[in-house]
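First the structure, in the form of structure tokens, and then the observations on it.
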Amino acid sequence: MQPFVLGPESIPAELVDGLNPPQRAAVEHRGEALLIVAGAGSGKTRVLTHRIAGLIATREAWPSQILAITFTNKAAAEMRERVGHLLGEAVEGMWISTFHSACVRILRREAERFGYPQGFTIYDAADSKALIKRIVKAVDAESLGVSVSQAQHRISGLKNELIDPDGFSRQADLSNPRDALVLEIYRQYDRELRRNRAFDFDDLIAQTVWLFRAHPEIAALYQRRFRHVLVDEYQDTNHAQYALIRELTRRAEPQHVPADTRIALDPDGSIPPASLTVVGDSDQSIYAFRGADIRNITEFERDFPGAEVILLEQNYRSTQNILDAANAVISRNFDRREKRLFTTSGAGAKIVGYTGYSAHDEAQFVADEIHLLRDAGTSFNDIAVFYRTNAQTRALEEILIRAAVPYRLIGGTKFYERAEVKDVLAYLMTVANPADELSVRRIINAPKRGIGPATETAISNYAEAEQLTFRQAMGRADALGLGPKVTREIAALAEILDRAEASIAPDRPQGPVPVSRMLATLLGDVRYTETLRATGNPQDDARAENVEELVNVAKEFDKTHPDGTLVDFLTEVALVAAADDLDDESGAVSLMTLHTAKGLEFDAVFLTGVEEELLPHRMSADEPGGLAEERRLFYVGITRARKVLHLSLAMTRTTFGESSVAMPSRFLQEIPEGLIEWRQSPGMATSLGGTRPRALNAHGGEGGRRRRADGGELPAGRGLRSEFRPTRENQQRGGRVSGAVRDNSALELASGDRVKHTDFGEGTVRAVLGSGTKRIAEVDFDEAGRKKLLIKIAPLEKL
DNA sequence: TATAACAGTATTTTT
DNA sequence: TACTGTTATA
């Protein structure tokens with residue numbers, strides 16, 4: 001049936017009342033493509049939900065024709081709730097989900113078409129790392145300079161670019177031994193995934209794209225169904241996701257249009273492209289490291305001719321002071337579309353700055369301020385503490401516990417990453433997909449059954465010889481020629497798994513057993529929890545509790561999904577994200593990384609560890625565009641605050657055992673002086689003379705510097721700390737404190753040259769490695785020994 | 001095969 | 001620090 005089309009003027013008033021003009025335009029606009037550039041806090045979720053509701057209310061679309069994509073499950077749930085609030089039950093028919101969930105749904109539905117079982121396994125980052133590790137070992141890549149994480153990163157990057165092993169072999173420079181190795185690892189990894197009937201995270205997107213491209217008639221089914229595609233956080237999409245969107249919003253050619261199509265076709269018999277709405281803010285793009293391509297948003301108008309662009313700049317979240325700081329910071333990034341957030345809600349409180357002597361001192365400040373805020377009526381729920389790296393949580397947690405501040409850690413070592421939870425999930429994956437050898441191997445000796453590597457190899461060899469899967473070989477334990485005890489153990493495990501499989505078979509006469517019951521039986525049969533409890537080790541008790549918690553999750557799942565299968569359950573747990581378990585009623589302060597903070601907002605925000613090497617993180621220094629991305633991260637953090645923003649740092653920070661002097665972040669100086677009220681400024685903290693903190697003296701005071709290998713790893717360089725004062729002069733230097741951005745890239749060095757380093761003294765260059773900005777000099781210092789230095793930033797002088 | 005003791009090394013952010 | 005991997009021993 002064809003939807004009855006009305007003009008936008010018939011959008012119900014309650015959907016546009018109270019919107020500002022651009023917001024209203026974004027809700028009302030009709031056409032093939034719309035880009036909403038939504039600054040932080042500009043009400044984009046409201047616009048998006050109202051737009052969806054408008055499409056339904058005017059009967060331009062059926063609920064089932066809506067596909068809305070978000071980045072996290074939490075965002076999806078929130079959008080679903082808000083649309084439901086506007087529309088009621090109509091929301092049920094919509095696909096509102098993450099990229100990953102939407103793709104899994106499509107892939108499971110079409111699995112048989114490309115030779116995968118519907119119950120294929122999804123490998124998370126840790127699983128894929130384990131697999132890559134095996135391969136890296138097998139080809140001895142590490143000794144040739146390709147580490148496991150490098151290989152994983154490269155492969156992930158290739159998949160995000162939709163480059164398969166063959167494609168890579170065509171474009172790679174195979175005379176480069178490292179690339180040749182990466183190719184070999186990629187090939188084997190791909191083969192293993194296929195053999196295990198598994199997809200990794202990146203595959204979920206990439207394989208869906210391949211599927212659509214290889215089978216236009218399948219793509220047409222989805223092109224016909226989804227007439228309105230809406231994508232949130234578009235600035236963080238990678239190439240594969242972009243390609244997916246393109247496939248979904250492509251015209252379906254007449255020859256691919258299914259016979260029973262009843263929507264309006266173009267005169268030539270094709271299905272016209274679906275309408276596409278994307279919402280994003282390039283200033284909040286913080287996932288380039290994961291392949292997000294900012295060009296997807298900057299080049300949107302080129303990609304989708306005739307696209308309308310609407311800018312939302314009015315901010316409904318923060319005070320003007322906070323926005324001024326945010327604007328000042330982000331304006332240091334060049335190559336961006338000028339955008340200035342403004343509000344009508346007044347200047348508000350000043351930003352509070354604090355420099356602690358140590359991370360603990362800094363945490364104490366956070367705790368004290370939280371208590372003050374609380375006394376003044378702010379609830380713990382409305383307070384958040386952000387940090388750049390997860391390692392920073394330790395000091396914060398210690399102090400918050402001592403200060404009796406209730407807190408919740410969002411992300412971090414997640415429940416689903418714990419070894420015991422992964423074990424149990426591996427049991428379930430084995431049941432759902434017996435071809436998944438990685439999972440079988442994981443559980444074959446957990447709990448201990450006396451099955452070691454030798455036995456595993458024997459099973460594996462037998463499987464290969466007999467053309468069986470590993471799991472099938474286990475079923476023929478007798479034929480393996482192993483000792484009686486081991487044989488018995490293998491046979492018993494195989495039987496337990498068989499029983500579990502049978503109990504959830506869809507064609508089981510009594511009907512399949514619920515997931516939680518199957519799991520409980522399985523765990524009882526293999527005595528998993530029992531074994532943990534028996535050790536008497538309190539840590540194992542905690543592990544047993546985690547396992548029980550997982551059983552509870554399964555029970556909950558059974559309750560909410562009466563027809564849910566094991567595969568559905570595994571899919572759901574595989575795709576939960578850090579931010580998902582954030583609930584707003586917990587009565588606790590939220591602790592999270594800056595990355596997880598994106599998309600959230602709080603009355604009071606503490607942005608901690610605003611130091612060089614941490615924010616911007618030292619790892620970002622070598623990456624092209626790294627600094628700009630770190631600045632955006634800082635910007636995202638600032639703009640999360642509604643009323644009060646605290647910026648804090650520490651003078652010394654302990655990084656695994658060793659403590660070192662930290663310097664204020666260059667970003668601090670990008671904030672106009674008048675906006676910050678320093679409780680203790682970096683200047684005060686260093687020049688207090690007599691009251692100079694022990695923390696500094698203990699470490700050699702002024703000369704205190706990192707005793708780690710590379711002197712060159714200090715981009716902001718010495719001089720920044722003593723010079724730092726958030727004064728006018730500093731700001732006028734364009735944010736570049738003298739010496740802060742050292743640039744030696746022009747320095748030509750050759751083996752044999754004599755050089756002088758500010759800290760290490762004189763030495764002789766032994767070798768120069770790499771090229772461009774990443775050139776590294778290996779120097780034998782007369783006093784300090786051999787060091788590797790990044791030439792671009794090392795305080796080096798040629799003699 | 002399992003365990004304990006030791007040494008070495010790594011830390012960015014995550015769907 | 002904390003985790004991984006290696007080695008020696010039961």
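So you know, we letter chains A, B, ... as the sequences are listed, proteins then strands, and number each from 1.
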Open item on the list: Could you check whether A:Tyr287 and A:Asn238, counting side-chain N and O atoms only, form a donor-acceptor pair closer than 3.5 Å?
Closed with: no
Open item on the list: Without decimals, in angstroms, what is the distance between A:Met619 CE and B:dT11 C1'?
Closed with: 6 Å
TODO: For B:dT13 and C:dT4, measure between their P atoms and round to the nearest Å.
DONE: 16 Å
Task: 5' priority, DNA chain B, between A:Arg449 and A:Glu629 [closest heavy atom] - done: A:Arg449
- [ ] Summarise protein proximity over nucleotides 4-10 of chain C in one line of letters, 5' to 3': B for base, S for sugar-phosphate only, - for none, counting protein heavy atoms closer than 4.0 Å.
- [x] SS-----
Task: Residue-phosphate contact under 4.0 Å: A:Asn445 side-chain N/O, B:dA2 OP1/OP2 - done: yes
Task: A:Ser128 (side chain) donor-acceptor with A:Tyr123 (main chain) under 3.5 angstrom - done: no
TODO: Report yes or no: do A:Gln152 and A:Ser149 form a side-chain donor-acceptor pair below 3.5 Å?
DONE: no
Open item on the list: Once ring-ring contact (aromatic ring centres under 6.0 Å, His included) is applied, do any residues pair with A:Trp210, and if so which ones, sequence neighbours excluded?
Closed with: none
Open item on the list: Using a distance-only criterion (donor-acceptor N/O pair, under 3.5 Å, no hydrogens), is the base of B:dT14 paired with the side chain of A:His595?
Closed with: no
Open item on the list: Please tell me whether A:Tyr189 and A:Asp200 have a donor and an acceptor in their side chains that are separated by less than 3.5 angstrom.
Closed with: yes
Task: Strand-adjacent residues in residues 276-285 of chain A, judged by heavy atoms under 4.0 Å from DNA chain B - done: none
Open item on the list: Between the base of B:dT13 and the ring of A:Phe289 - centre-to-centre under 5.5 Å, planes within under 30° - is that a stack?
Closed with: yes
Open item on the list: For the backbone of A:Asn546 and the side chain of A:Glu420, can you confirm whether one donor and one acceptor N or O come within less than 3.5 Å of each other?
Closed with: no
Open item on the list: Angle between ring planes, A:Tyr222 versus A:Phe212, binned at 30° and 60°: parallel, tilted or perpendicular?
Closed with: tilted
TODO: Grab the CG-P distance between A:Leu594 and B:dT14 for me, whole Å please.
DONE: 10 Å
TODO: Check every strand shown and say whether A:Phe99 touches a base, only sugar-phosphate, or nothing at a heavy-atom separation below 4.0 Å.
DONE: nothing
- [ ] Whole angstrom is fine here: how far is it from CG in A:Leu244 over to C1' in B:dT15?
- [x] 14 Å
Open item on the list: Using whole Å, what does the distance between atom C1' of nucleotide B:dT11 and atom CZ of A:Arg394 come to?
Closed with: 11 Å
Task: Side chains of A:Ser97 and A:Arg105, donor plus acceptor under 3.5 Å - done: no
Open item on the list: Looking at B:dT14, I'd like to know if its phosphate oxygens (OP1 or OP2) sit under 4.0 Å from a side-chain N or O belonging to A:Thr593.
Closed with: yes
Open item on the list: Please compare A:Arg290 and A:Gly452 by the position of their nearest nucleotide in DNA chain B and report the one closer to 5'.
Closed with: A:Gly452
Task: OP1 or OP2 of B:dT13 under 4.0 Å from side-chain N/O of A:Asn390 - done: yes
Task: Interatomic distance where CG belongs to A:Asp232 and P belongs to B:dT15 [whole Å] - done: 15 Å
- [ ] Identify whether any heavy atom of A:Thr455 sits under 4.0 Å from a base atom; if not, whether one sits that close to sugar-phosphate; answer base, sugar-phosphate or nothing.
- [x] sugar-phosphate
Task: Donor on one side chain, acceptor on other, A:Tyr635 and A:Arg631, under 3.5 Å - done: no
TODO: Using the ring-ring contact (aromatic ring centres under 6.0 Å, His included) rule, take A:His617 and A:Phe289 through it: C-alpha gap first, then chi angles, then the decisive distance, then the call.
DONE: CA-CA 13 Å; A:His617 197 277; A:Phe289 72 93; over 10 Å; no
Task: Atom pair distance, as rounded to whole Å: CD in A:Glu613 and P in B:dT13 - done: 16 Å
Task: Rounded interatomic separation in angstrom, taking OH from A:Tyr635 and P from B:dT13 - done: 24 Å
Task: Protein-nucleotide distance (A:His153, atom NE2; B:dT11, atom P), rounded to Å - done: 13 Å
